[in-house]
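Labels below follow one simple rule: chain letters A, B, ... track the order of the sequence lines, proteins then strands, and each chain is numbered from 1.
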Number of protein chains: 2
Amino acid sequence: MQISSRFTIAIHIFSCINTFEGEYKITSYFLASSIQVNPVIIRKLLGQLKEAGLIEVKRGSGGASLAKAPSEINLLDVFNAVESLDDGKLFHFHENPNPDCPVGRSVHPVLDGRLEQIQRAMEKEMQSISLEDIFKDTNKYLEQNSHS
Amino acid sequence: MQISSRFTIAIHIFSCINTFEGEYKITSYFLASSIQVNPVIIRKLLGQLKEAGLIEVKRGSGGASLAKAPSEINLLDVFNAVESLDDGKLFHFHENPNPDCPVGRSVHPVLDGRLEQIQRAMEKEMQSISLEDIFKDTNKYLEQNSHS
DNA sequence: CTTTGTTGTAACCTTTCTTGTTACAACTAT
DNA sequence: ATAGTTGTAACAAGAAAGGTTACAACAAAG
């Protein structure tokens with residue numbers, strides 16, 4: 001199964017804050033129209049990102065903004081904020097290997113470390129990409145594709 | 001969302017073949033009792049592993065065996081055999097970013113490469129682990145935990 | 001050539017998760 | 001007070017995982 005679109009939507013949210021902050025108020029409706037999903041989906045995501053200390057959201061008057069510098073937020077922070085992995089584990093292990101079978105007994109001790117190793121490789125790569133990187137790429141793309 | 005247990009079950013299947021080949025006939029019932037899931041689940045997985053050219057399964061008489069040397073099969077092969085990612089992509093991208101919004105327009109060109117980069121890191125790590133490695137670890141574990 | 005054990009597959013079910021939707025109380029600035 | 005928001009509850013549809021029963025097709029052995 002694929003990782004849910006909450007991750008890419010969250011990054012889209014950050015990009016909108018970066019590009020439109022000051023110019024527009026970044027409300028759930030504004031974001032919903034750029035991402036083209038329901039505003040309530042956005043609000044739930046904003047809640048998760050706020051919970052994780054990545055953004056601030058104003059009640060009543062409305063509007064989202066960054067809680068940290070873009071260089072201080074990496075894609076793993078975003079991923080962990082919106083993608084709740086059961087027990088923090090990327091891989092779902094079958095629940096009841098038979099302890100009366102040698103293989104059933106050894107499969108956890110043998111595999112757990114390997115699965116962690118794979119997950120860490122993914123997480124390390126996510127960690128190496130900051131929102132600053134994404135924002136730079138976005139700005140570059142927009143410059144190149146705006147003048148004539 | 002977590003990656004389905006088909007992956008760890010598949011590795012468990014291979015370990016059983018390694019440990020019990022010759023001694024027992026590796027049927028879906030035998031595997032089901034070690035893994036403690038329904039035999040039909042196993043048969044579907046055996047079908048996927050066979051389809052991918054990783055194992056051979058005897059109809060009628062029954063029994064599964066490796067189609068290649070353990071050193072020739074790595075965890076990415078197993079993962080790809082049993083985990084059908086939509087379009088081969090680990091991350092599900094939100095479907096309809098608004099092309100009339102600068103951010104909506106740039107989010108795909110900016111992110112696609114990054115997501116691929118993250119997925120490749122995971123795949124590379126999977127590729128670096130062969131069934132031979134797993135089998136060695138299993139044998140070592142079983143030796144250490146058998147003689148008093 | 002019948003029996004037995006097995007695979008391959010269809011059909012169905014339950015749970016869980018994602019995504020989408022409406023509704024509305026609580027809140028804040030004007 | 002009003003208007004525009006957020007936060008949340010409640011619900012629904014769809015997909016996927018995991019489970020289960022049933023059975024035809026098959027292969028080896030008596």
Side-chain angles (χ1 to χ4, degrees), chain A residues 1-10 12-13 16-17 24-33 35-52 55-65 67 79 82-87 89-97, chain B residues 1-10 12-13 16-17 24-33 35-52 55-65 67 79 82-87 89-97:
Chain A
M1 233 231 146
Q2 285 181 308
I3 286 162
S4 89
S5 62
R6 283 198 299 277
F7 182 50
T8 56
I9 294 179
H12 192 143
I13 289 174
C16 281
I17 294 176
Y24 297 100
K25 187 166 60 167
I26 315 297
T27 68
S28 62
Y29 295 97
F30 179 84
L31 290 165
S33 94
I35 298 166
Q36 304 224 90
V37 296
N38 193 286
V40 177
I41 308 280
I42 302 291
R43 284 183 222 148
K44 285 178 187 163
L45 273 169
L46 290 175
Q48 292 185 286
L49 296 173
K50 191 174 74 172
E51 182 77 17
I55 63 169
E56 276 156 9
V57 183
K58 282 209 192 74
R59 282 212 74 163
S61 57
S65 56
F79 183 81
V82 301
E83 198 71 28
S84 66
L85 296 176
D86 193 58
D87 199 24
K89 293 190 168 128
L90 180 61
F91 297 95
H92 180 25
F93 213 111
H94 50 292
E95 315 279 358
N96 299 309
Chain B
M1 236 230 142
Q2 286 182 306
I3 285 161
S4 89
S5 62
R6 283 198 301 276
F7 182 51
T8 57
I9 294 179
H12 191 143
I13 289 174
C16 282
I17 294 176
Y24 296 101
K25 186 166 61 166
I26 316 297
T27 69
S28 61
Y29 295 97
F30 180 84
L31 291 165
S33 95
I35 297 167
Q36 304 223 87
V37 295
N38 194 285
V40 177
I41 307 282
I42 303 291
R43 285 183 222 146
K44 285 178 187 163
L45 273 170
L46 289 175
Q48 292 186 286
L49 296 173
K50 192 175 74 172
E51 182 77 16
I55 63 169
E56 276 156 9
V57 183
K58 282 209 193 76
R59 282 212 73 164
S61 57
S65 56
F79 183 80
V82 301
E83 197 72 28
S84 66
L85 296 176
D86 193 58
D87 198 24
K89 292 188 169 131
L90 181 61
F91 297 95
H92 180 25
F93 213 111
H94 50 293
E95 315 279 358
N96 300 307

Could you list where the contact with chain B starts and ends along DNA chain C, reading 5' to 3', using a 4.0 Å heavy-atom cut-off?
C/dG5 to C/dT19

Round to the nearest Å and state the distance from [X] atom [atom1] to [N] atom [atom2].
| X | N | atom1 | atom2 | answer |
| --- | --- | --- | --- | --- |
| A/E95 | D/dA17 | CD | P | 15 Å |
| B/Q2 | D/dA17 | CD | P | 13 Å |
| B/K25 | D/dA28 | NZ | P | 10 Å |
| B/I9 | D/dA17 | CD1 | C1' | 10 Å |
| A/Q48 | D/dT6 | CD | P | 16 Å |
| A/M1 | D/dG14 | CE | P | 16 Å |
| A/L46 | D/dT5 | CG | C1' | 12 Å |
| B/E56 | D/dC26 | CD | C1' | 17 Å |

Nearest nucleotide by nearest heavy atom, which residue falls closer to the 5' end of DNA chain C, B/Y29 or A/Q36?
B/Y29

Walking DNA chain C from its 5' end, the first of A/K58 and A/V37 to be reached, judged by nearest nucleotide, is A/V37

Would you sort out whether B/F30 and B/I42 count as a side chain to side chain contact (heavy atoms under 4.5 Å, CB included), showing the intermediate values?
CA-CA 10 Å; B/F30 180 84; B/I42 303 291; over 6 Å; no

I want to verify a distance call: between D/dA24, D/dG19, D/dA28, whose nearest atom is closest to the B/R59 side chain?
D/dA24

Can you see which heavy atom on [X] is nearest to which on [Y], and at what distance?
| X | Y | result |
| --- | --- | --- |
| B/C16 | B/L31 | CB-CD2, 3.5 Å |
| B/M1 | A/Q2 | CB-O, 4.4 Å |
| B/S84 | B/R6 | N-NH2, 4.4 Å |

Is the phosphate of [N], meaning OP1 or OP2, less than 4.0 Å from a side-chain N or O of [X]?
| X | N | result |
| --- | --- | --- |
| B/R6 | D/dA17 | yes |
| A/T27 | D/dT5 | no |
| A/H94 | D/dG18 | no |

Both A/V57 and A/K44 contact DNA chain D. Taking the nearest nucleotide for each, which residue is further toward the 5' end?
A/V57

Check every strand shown and say whether B/G60 touches a base, only sugar-phosphate, or nothing at a heavy-atom separation below 4.0 Å.
base

Stepwise side chain to side chain contact (heavy atoms under 4.5 Å, CB included) check, A/H92 with B/S5:
CA-CA 5 Å; A/H92 180 25; B/S5 62; 4.1 Å; yes

Any donor-acceptor pair under 3.5 Å from B/K25 side chain to B/S61 backbone:
yes

Is B/D87 reaching over with its side chain to a backbone N or O of B/K89, donor-acceptor style, under 3.5 angstrom?
no

